[in-house]
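What follows is a short report on a single structure.
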Amino acid sequence: MGKSKDFLRRIVEEDLRSGKYREIVTRFPPEPNGFPHIGHAKSISINFGIAKDYDGRCHLRMDDTNPTTEDTRYVEALKDAVKWLGFEWDNGIRHTSDYFPRLYEYAVELIKMGKAYVDSLNEEEIREYRGTVTSAGKRSKYAQRSIEENLDLFERMKKGEFEEGEHILRARIDMASPNMKMRDPLLYRIRHTHHYRAGNEWAIYPMYDFGHCLSDYIEGVTHSICTLEFENNRDIYNWVIDTLGLPPPRPYQHEFARLNINYTVMSKRKLLELVENGVVSGWDDPRMPTIAGYKRRGYTPESILNFCEQVGIAKANSVVDVSQLEFCIRDDLNKKVPRVMCVLDPLKVTIENYDGSEEIDASYYPDDVPKEGGRKLPFSKEIYIERDDFMENPPKGYYRLTPEQPVRLKHAYIISCREVVKDAGGKIIEIKAEYYPESKSGSDTSGIKVKSAIQWVDAKAVGAVEVRLYDRLFKNEAPEGIEDINPDALKVVKNALVEPAVITERPDERFQFERQGYFYADPVDYTDEKPVFNKIVGLKDSWAKKTKAPERTPKPQAKKVQVDGEVAPMSEAEQVLFDKYTLELKLNNEIANTLARDGQLSHFYEEAISVVNSPVSVANIVANEVARELKDKQAAELKFSAKQIAGLVEMIDDGTISSKIAKQVFEEMAKSGESPAQIVEAKGLVQISDPAKIEPIIDEIIAKNPDNVAKFRAGNTKLLGFFVGQVLKTTGGKANPKVVNELVAEKLK
RNA sequence: UGGGGUAUCGCCAAGCGGUAAGGCACUUGGUUUUGGUCCAAGCAUUCGGGGGUUCGAAUCCCUCUACCCCAUCCA
């Protein structure tokens with residue numbers, strides 16, 4: 001039952017198994033031009049996670065090739081993020097800028113090979129010359145320059161003799177490539193800018209496509225994992241390494257889908273916009289999807305990592321529901337943090353029959369959290385409860401305090417409402433209540449049944465704190481930018497009332513405020529004089545769900561109509577073939593169509609039927625199996641011949657082998673080029689059709705799977721396949737499936 | 001429009017010719033001094049559509065459709 005591995009880990013395992021690499025080296029290569037967000041966390045979790053899983057190493061490398069946008073402040077944020085998530089990078093932080101000298105040498109080498117040239121077109125011309133996605137580009141006249149001239153120019157570019165934009169180094173690949181990225185990509189540009197690390201030493205800086213692959217190579221990276229939008233860049237990645245002829249081991253690039261979450265934005269540009277426009281208080285605003293933001297909000301590294309694991313790694317663009325993230329943090333905090341009481345919107349309750357005061361022992365943790373610890377709760381005549389824990393005219397199903405319904409004060413006594421005091425405007429300002437002395441929590445002999453227990457705080461022993469209630473930053477599921485900001489994403493409660501132990505004992509930094517949610521002592525603004533708590537996430541609230549109208553209406557959304565496009569008409573020659581196949585050879589339309597439209601296939605087919613007179617069987621194999629092999633190969637590259645296919649068909653037709661075995665034989669043939677008869681002989685693949693041989697096997701399988709037999713008899717006919725499959729498996733695929741099918745159906749009746 | 005990708009439940013996501021995993025969300029019911037947690041049950045006769053091959057297809061073949069990426073001297 002081994003848990004299924006993601007496709008990257010599968011590749012890594014295969015590379016290890018095949019001996020391609022002895023040790024796995026990955027890297028997390030951010031550009032230090034912004035704060036890392038939860039999408040980076042996914043990348044960190046993948047790269048460091050894989051290195052950890054396979055006993056390899058993971059490097060942290062600043063991909064700092066663009067001096068105009070990068071800054072050391074972001075480097076720090078990146079380092080913090082990785083550390084906070086609990087990972088250690090191998091042997092010091094690395095920088096692409098460390099490799100500038102070596103990168104320069106590689107570029108020179110490319111020039112010497114005639115594979116790179118200095119172009120002097122201006123920016124606009126370069127764009128024009130590149131062509132469009134549907135039309136080829138044309139090469140610059142400067143591509144004619146001699147190697148010597150290129151060398152000289154490039155060196156002078158490096159020395160800073162030219163203005164920005166005057167010259168540029170390009171690879172000489174193919175200006176007509178269908179892959180736009182391969183149309184003589186830019187390798188080095190001139191930048192007279194101070195680099196935050198390299199200073200003013202360089203006047204030229206490598207482009208991503210040149211610097212990245214080589215940095216990976218230099219570091220001995222084996223698996224260069226990046227996001228989907230770099231798929232087109234993979235060709236350059238390989239081109240650079242290949243044409244430089246770098247000795248193995250060399251890295252290979254693999255792409256996965258970046259993380260998206262609804263109700264949030266994930267691009268550095270949009271995040272920067274929020275910061276610069278003051279929509280949020282900074283990169284670490286608790287509403288930001290940055291790692292710094294989540295950290296300040298109170299998320300734990302464990303919850304983020306767990307989230308990354310839950311969403312998985314695949315190649316399909318997707319948008320994860322934010323509720324998945326919220327689940328992860330609740331799930332983590334539920335088993336970790338102390339429960340305390342805090343009243344956000346206080347309503348005074350005077351317990352008229354209570355005098356004096358007492359301290360009540362209360363555990364920090366509910367019974368289902370196996371942790372020790374507790375505190376004293378001061379209790380007296382005057383307390384505060386949450387305003388919405390009392391209703392004068394409650395709806396059906398309301399469990400809390402009403403004029404008719406008593407309620408328990410969590411950890412303390414049961415109270416009943418005796419009188420509702422209102423101000424001139426009719427607003428309730430106080431409840432006068434009665435308590436039951438014998439109802440004390442833990443020694444309740446009152447026999448009174450209550451529907452719920454609510455949080456409260458003692459009026460005299462209360463601490464006023466600031467509580468910041470955060471909600472999702474955007475009101476739209478797929479926000480564009482500032483116009484979609486949720487105006488209620490932050491509500492500040494200036495004077496929330498919290499029980500004293502939270503502040504005096506500080507048993508933790510994170511708390512569950514009972515019945516409300518999880519909260520975090522703000523690491524920046526919290527002081528003893530003015531404690532500040534951030535709401536991390538609310539508790540699940542099935543009452544609120546029932547009360548409020550469903551906010552996301554199911555939206556029936558009529559089934560999308562599938563439009564069927566036009567099929568390109570056949571050429572005359574194809575039509576002639578098609579007619580011949582259907583009319584003369586009695587092929588069905590689909591097979592005839594497939595064959596007739598593909599020159600290679602029809603050719604192959606004609607050759608095969610000239611050997612064996614079985615047009616339909618041959619057609620089936622050619623149109624299905626041979627077509628697969630011919631997808632990314634030329635007919636000349638095939639290891640097998642039409643004649644061999646004919647031989648295979650003969651064996652099917654005379655019953656020597658079943659079509660299932662035929663597939664197996666075909667695969668072997670495609671790989672080794674041996675004749676079908678040889679393969680059948682060597683592997684003993686002759687089919688077993690004798691019921692006397694098959695029946696005992698069926699009996700055995702039936703005996704071994706009584707559950708499935710019962711299910712089958714109860715009407716789950718799909719299970720027929722299961723039994724047939726089992727029989728085929730035990731016979732190594734040799735049992736005649738038709739016979740097996742009949743026998744199994746018979747026996748299970 | 002050329003090229004490169006991707007389509008499995010409301011949202012993620014396994015699956016690689018033989019019984020459609022799992023998580024989130026949702027819906028019931030039970031436990032509960034948190035309307036939390038926990039527990040039990042229910043959630044895809046069907047895998048973007050249509051054909052074909054096969055005893056058997058989400059998986060193989062053909063074809064159509066939809067969406068994403070590429071024409072920064074960004075990464």
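All values reported here derive from a predicted model rather than from experimental measurement. Order of the sequence lines fixes the chain letters, A, B, ..., with proteins taken first and strands second; residue numbering starts at 1 for each chain.
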More than 12 heavy atoms from other groups under 6.0 Å of NZ on A:Lys315
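Enclosed.
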Whole-angstrom distance between [N] and [M], as gauged at atom [atom1]:
{"N": "B:U6", "M": "B:G48", "atom1": "P", "result": "14 Å"}
{"N": "B:C38", "M": "B:U32", "atom1": "C1'", "result": "9 Å"}
{"N": "B:C47", "M": "B:G52", "atom1": "P", "result": "15 Å"}
{"N": "B:U8", "M": "B:G15", "atom1": "C1'", "result": "9 Å"}
{"N": "B:C43", "M": "B:U53", "atom1": "P", "result": "35 Å"}
{"N": "B:A25", "M": "B:A44", "atom1": "C1'", "result": "16 Å"}

Can you check the A:Gln562 CD to B:C64 P distance for me, whole Å?
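Interatomic distance, CD of A:Gln562 to P of B:C64: 13 Å.
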For the residue pair A:Phe154 and A:Tyr188, does the interplanar ring angle fall in the parallel (under 30°), tilted (30 to 60°) or perpendicular (over 60°) class?
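Correct class here is perpendicular.
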How about A:Arg258 and A:Lys42: do any of their side-chain heavy atoms sit closer than 4.5 Å?
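Not touching, per the 4.5 Å side-chain cut-off.
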Check the geometry between A:Phe722 and B:G18 and answer yes if their rings are stacked (centres below 5.5 Å, planes below 30°), otherwise no.
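By the stated criterion, A:Phe722 and B:G18 do not stack.
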Of the listed B:G18, B:A71, B:C61, the closest approach to the A:Thr132 side chain comes from B:A71
